[in-house]
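Just so it is clear, the values below take in all heavy atoms, side chains as well, and ignore hydrogens, waters and symmetry mates. Letters A, B, ... are given to chains in the order of the sequence lines, protein chains preceding strands, and every chain is numbered from 1.
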Number of protein chains: 2
Amino acid sequence: MRSPQLMIKPSNCHSCRMSALCLPLALRTSDLDLLDNAIKRGKPMQKNQSVFYAGDRFTSVYAIRSGAVKSYCITDDGTEQVTGFYLPGEIFGWDGIANGNHSNHAVTLETSALCEIPFAQFERLSATMPMLQQHFMRLMSKEISTDQALITLLSKNSAEERVASLLISLSKRLKSQHLSATKFRLPMSRADIGNYLGLTVETVSRVFSRFQSFDLIYCERKEIEIINLKRLSSLAHNAEHL
Amino acid sequence: MRSPQLMIKPSNCHSCRMSALCLPLALRTSDLDLLDNAIKRGKPMQKNQSVFYAGDRFTSVYAIRSGAVKSYCITDDGTEQVTGFYLPGEIFGWDGIANGNHSNHAVTLETSALCEIPFAQFERLSATMPMLQQHFMRLMSKEISTDQALITLLSKNSAEERVASLLISLSKRLKSQHLSATKFRLPMSRADIGNYLGLTVETVSRVFSRFQSFDLIYCERKEIEIINLKRLSSLAHNAEHL
DNA sequence: CGTATGTTTGACCGTCGTCAATTGTAGTGG
DNA sequence: CCACTACAATTGACGACGGTCAAACATACG
């Protein structure tokens, strides 16, 4: 007999509460069935598990049902560069369409449930479903937008503005999933945050402390509560597309 | 009678010396004819002319035949953010597939000749030419790669490393077009370079001076000669995908 | 309970931004 | 052709932000 928590999980794309986000809205029901059959519903993954490695043959993109994932690559000098954080309802793994291999690593930041969307299937389906192709191109284009927002953040904004932008971004994305926008758990470490934002761990920690002393946030380890969303947002100039 | 310099210009995609770069190699000749008819061969543009504005309806992407283009957007606080430089043989204008409008501005940095590739035509053609669709996705994916390389550059590298990376990137891209890799004219201003690399004009200028005093480059205003390509490359850790 | 890892805080210092002045270059009109 | 202006680039002095190094502390894990 299956365990209770498995029972309440959605077993197909129709009943998944986030289908509206990771699938094109315009799909007819018959099309959805086809896609539904193509998608591999993921086994739950533990923390710090690799979804794929850089260099792996590119076969699929992944939708997050629960949990969180970071993507990163190893630069020429052997250091890690975090390239993105992904939350429930979001899709990652676009890198490596170019040459057929992933250019990033992807690991879970906490226990997560993923849906694997095989790309070959998609390509076959998209021949008869033009909306699907369009949808995927839009998602890629959105990835470009967030990358450019990050570039702006890195080249123009101070440490405080960068951290504020990330917090506001997380808040907005959680809110769009009908989760609390002001009280949540940071899935990533301070080191990951710093790496992503081009800062050191120490600086990130100091900014958190300063924000706390200004009553902008309350934060205990990874649990965070945004006290003054308005003032924090005013610091986050470039969170819009992050 | 037409002027000599107009006569030597390629009049279609077949004879264009850079067709191999902006079009998929796998196209059959018959397909190439179709595409050839779709492309609007560009009128030459003067320096500082807009190709498109942010907010403009997205209708086309553009290939550069000669000259140079920069793309940039205006951030929330009203300042400019340069998002890319484009050289002969390269295609720009992918932004705004997402929502149907360009998110960037694009202006010529010097007198340029462009080819406009209408996107509606492409979508129609790609129905019968799967290679074309794949090619475009790869180009978008490549854009993501270069953005991520820039992110790494901005978050990890010093001013000297950033400038070196840009110079090496330009050098490689010019070389791939059978132009000199060591002696060329910088199409963009110091301010544009600084903006792109997250540095101030003053810092860029100082780095140029330092490079010159170390005999890495010789540079007079916009004319630049790379003296010690090897040592300059060793500074440019993240130029590979820039 | 002990070790490893993540986080916080402090002191110090270097890189790069800011402000300011100067020089050089390109473009304009007398 | 040259003065005049506007703009781009260079150089210097100074200071601040954030990195580096180090130590203390908290938390997670076996």
Side-chain angles (χ1 to χ4, degrees), chain A residues 46-49 68 70 77 79-82 107-111 152-167 185-214 217-224 235, chain B residues 46-49 68 70 77 79-82 107 109-111 153-167 185-214 217-224 235:
Chain A
Q46 293 184 344
K47 188 177 172 176
N48 290 327
Q49 299 267 312
K70 78 166 172 181
D77 54 350
T79 59
E80 180 176 324
Q81 171 66 47
V82 176
V107 300
T108 53
L109 291 167
E110 52 190 24
T111 308
T152 303
L153 195 69
L154 290 173
S155 61
K156 296 248 186 308
N157 293 6
S158 68
E160 290 192 353
E161 291 169 329
R162 295 184 206 184
V163 174
S165 294
L166 179 60
L167 291 178
R185 181 183 153 80
L186 293 171
M188 71 294 281
S189 70
R190 301 285 191 274
D192 285 335
I193 294 176
N195 190 310
Y196 180 66
L197 296 175
L199 302 168
T200 58
V201 199
E202 295 94 326
T203 301
V204 173
S205 180
R206 273 185 256 268
V207 171
F208 270 90
S209 300
R210 232 175 297 155
F211 280 176
Q212 202 155 195
S213 73
F214 295 161
I217 63 173
Y218 174 75
C219 159
E220 188 163 352
R221 197 142 176 81
K222 303 214 161 177
E223 299 297 332
I224 190 166
L235 282 176
Chain B
Q46 293 184 342
K47 187 176 172 178
N48 290 326
Q49 299 263 313
K70 77 166 173 183
D77 55 350
T79 60
E80 181 176 323
Q81 170 66 48
V82 175
V107 299
L109 291 168
E110 51 190 23
T111 308
L153 194 70
L154 291 173
S155 60
K156 296 249 187 308
N157 293 7
S158 69
E160 288 191 353
E161 291 168 329
R162 296 185 206 182
V163 174
S165 295
L166 179 60
L167 291 177
R185 182 184 154 80
L186 293 171
M188 71 295 280
S189 70
R190 302 285 191 274
D192 284 334
I193 294 176
N195 190 310
Y196 180 67
L197 297 176
L199 302 168
T200 58
V201 199
E202 294 93 327
T203 301
V204 173
S205 180
R206 273 185 256 269
V207 171
F208 270 90
S209 299
R210 233 175 297 155
F211 280 177
Q212 202 155 195
S213 73
F214 294 162
I217 63 173
Y218 174 75
C219 157
E220 187 163 354
R221 198 142 175 82
K222 305 214 160 176
E223 299 298 331
I224 190 166
L235 282 175

*asked:* Using a 4.0 Å heavy-atom cut-off, does B/Gly198 contact any base of the nucleic acid, only the sugar-phosphate backbone, or nothing at all?
replied: sugar-phosphate

*To the nearest Å, give me how far apart CZ (A/Arg185) and P (C/dG6) are.*
14 Å

*Round to a whole Å and report the spacing from CE of B/Met188 to P of D/dA8.*
15 Å

*Expressed in angstrom and rounded to an integer, what is the separation of B/Gln212 atom CD from D/dT11 atom C1'?*
14 Å

_Check this for me: does the side-chain of A/Arg206 come within 3.5 Å of the base of D/dT20 through a donor and an acceptor?_
yes

_hbond_proxy B/Glu202 side chain to C/dC19 base (donor-acceptor, 3.5 Å cutoff)_ = yes

_For B/Thr203 and B/Lys47, find the nucleotide of DNA chain C closest to each by heavy atoms; which residue's nucleotide sits nearer the 5' end?_
B/Thr203

*Among C/dT25, D/dT27, C/dT8, the nucleotide that comes nearest once only the side chain of A/Ser209 is considered*: C/dT8

*Between B/Ser205 and D/dA8, does any side-chain N or O lie under 4.0 Å from OP1 or OP2?*
no

*Answer with yes or no whether the side chains of A/Ser155 and B/Gln81 bring together a donor and an acceptor at under 3.5 Å.*
yes

_On DNA chain D, does the nearest nucleotide to A/Glu220 precede the nearest nucleotide to A/Val204 from the 5' side, or the other way round? Give the residue._
A/Val204

*State plainly whether the residues B/Lys70 and B/Glu80 are in salt-bridge range, i.e. N to O under 4.0 Å.*
yes

*Grab the CD-P distance between A/Glu160 and D/dA16 for me, whole Å please.*
16 Å

*How many Å lie between CG on B/Leu199 and C1' on C/dT15, as a whole number?*
11 Å

*asked:* I'd like to know whether NZ of A/Lys222 has more than 12 heavy-atom contacts from other residues, nucleotides or ligands below 6.0 angstrom.
replied: yes

_Spacing of B/Phe211 atom CZ relative to D/dT10 atom C1', expressed in whole Å_ = 16 Å

*Touch check for B/Lys222, heavy atoms < 4.0 angstrom, all strands: base, sugar-phosphate only, or nothing?*
sugar-phosphate

*Has A/Thr200 got a side-chain N or O lying under 4.0 Å from the OP1 or OP2 atom of D/dG19?*
yes

*Hey, could you give me the OG1/CG distance between A/Thr152 and B/Asp77, rounded to the nearest 0.5 Å?*
9.5 Å

*Rounded to the nearest angstrom, tell me the gap between atom CD in A/Glu223 and atom C1' in D/dA26.*
16 Å

*Specify the separation, in whole Å, of atom CZ of A/Phe208 and atom C1' of D/dG18.*
17 Å

